[in-house]
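One structure is given below, encoded as structure tokens.
Here the structure is a predicted model, which is why all the values come from computation and not from measurement.
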Amino acid sequence: MGLLSTVLALFGCDQQKVEQTMKKAGDTARAVWQSVQPDSMLFQGIETGVSTEEDVRRQAGRPEIVWEEEGGGRRLEYPRGPEGATTWMVTIAPDGKVAAIEQVLTAANFARVRAGMSQDDIRRLLGKPTSIQAFALKKEEVWGYRWWESSQDKAFFNVHFDAGGRVTHTSRSDDPSKMQGG
């Protein structure tokens, strides 16, 4: 617990002090820090067209999943949940350099979800869901994504799948913390 407290106390410190502490504490502490650091620090110092996949992994840690893209590129997924409301995708070009960094839980990306898309299509587009619920009687599975609907309100974007794993429709629901007074 002492190590976690130390790492969390570093939120107010500059990046150089964080890195010095991480070198002393080792890989475990680095992994903890990378999982809790603010989004504003997640890709600090990473430049498109210059930085490499190795640079991204050193700064942001191990991605949740790596998607192999057509043409030799890769897409690294960094979900910030389960309580977070962001998922970052880093596109690595075939030359090994960072081509793009994007937060994918946005209204524009949600608008790209169409009936008939597969679960794999949705995972590649939106990343790891915050929650997965199965409804046996409806023969339906619902993936929920917590996101910032406005600058002050979180909500859930829900993707409904049929028994074959294909999108039937989407919906919106309030974040449960709003309903519990939190």
**OP:** For residues 66-76, pull every pair meeting salt bridge (Lys or Arg N to Asp or Glu O under 4.0 Å), keeping only residues two or more places apart or in separate chains.
**Re:**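 Found Glu53-Arg74, Glu68-Arg74, Glu69-Arg124, Arg75-Glu102.
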
Between [X] and [Y], what is the shortest heavy-atom contact and its length?
X	Y	value
Phe156	Asp175	CD1-CA, 3.9 Å
Gly49	Lys97	O-CD, 4.0 Å
Trp88	Leu42	CD1-CD2, 3.7 Å
Pro94	Gly71	CG-O, 3.2 Å
Ala155	Glu149	CB-OE1, 3.6 Å
Arg172	Asn158	C-ND2, 3.8 Å

**OP:** Check the pair Glu77 / Arg123 against side-chain contact (heavy atoms from CB on, under 4.5 Å), numbers first and verdict last.
**Re:** CA-CA 10 Å; Glu77 178 183 320; Arg123 182 69 192 262; 3.0 Å; yes

Subject >> Residue pair Val50, Val98: steps toward the side-chain contact (heavy atoms from CB on, under 4.5 Å) verdict >> reply: CA-CA 7 Å; Val50 176; Val98 173; over 6 Å; no

Side-chain contact, heavy-atom cut-off 4.5 Å: [X] with [Y]?
X	Y	value
Leu126	Trp143	no
Phe43	Ser51	no
Thr168	Lys138	no
Pro176	Arg146	yes
Val104	Tyr145	no
Val159	Phe110	no
Phe161	Val167	yes

Between [atom1] of [X] and [atom2] of [Y], what distance do you get to the nearest 0.5 Å?
X	Y	atom1	atom2	value
Arg166	Asp121	CZ	CG	6.5 Å
Ile92	Arg57	CD1	CZ	8.5 Å
Arg80	Thr86	CZ	OG1	6.0 Å
Trp67	Thr91	CH2	OG1	13.0 Å
Ser173	Phe157	OG	CZ	10.5 Å
Glu141	Phe135	CD	CZ	10.0 Å

**OP:** Show your working on side-chain contact (heavy atoms from CB on, under 4.5 Å) between Glu64 and Thr87 and close with a plain yes or no.
**Re:** CA-CA 10 Å; Glu64 176 77 22; Thr87 295; over 6 Å; no

Are [Y] and [X] co-members of a hydrophobic cluster defined by side-chain heavy atoms under 4.5 Å apart?
X	Y	result
Met117	Val142	no
Met89	Val66	no
Ile65	Tyr78	no

**OP:** Could you tell me whether Asp55 and Arg58 have a side-chain N and a carboxylate O separated by less than 4.0 Å?
**Re:**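 Yes, this pair counts.
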
Original post:
Under the ring-ring contact (aromatic ring centres under 6.0 Å, His included) rule, what pairs show up with a residue in residues 46-66, not counting sequence neighbours?
Top reply: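 Residue pairs passing ring-ring contact (aromatic ring centres under 6.0 Å, His included), neighbours aside: none found.
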
**OP:** Show the numbers, then the answer: is there a side-chain contact (heavy atoms from CB on, under 4.5 Å) between His169 and Glu140?
**Re:** CA-CA 11 Å; His169 64 285; Glu140 176 182 70; 3.6 Å; yes

Original post:
Can you check whether Leu105's main-chain N or O pairs, donor with acceptor, with Gln103's side chain at less than 3.5 Å?
Top reply: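 Yes.
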
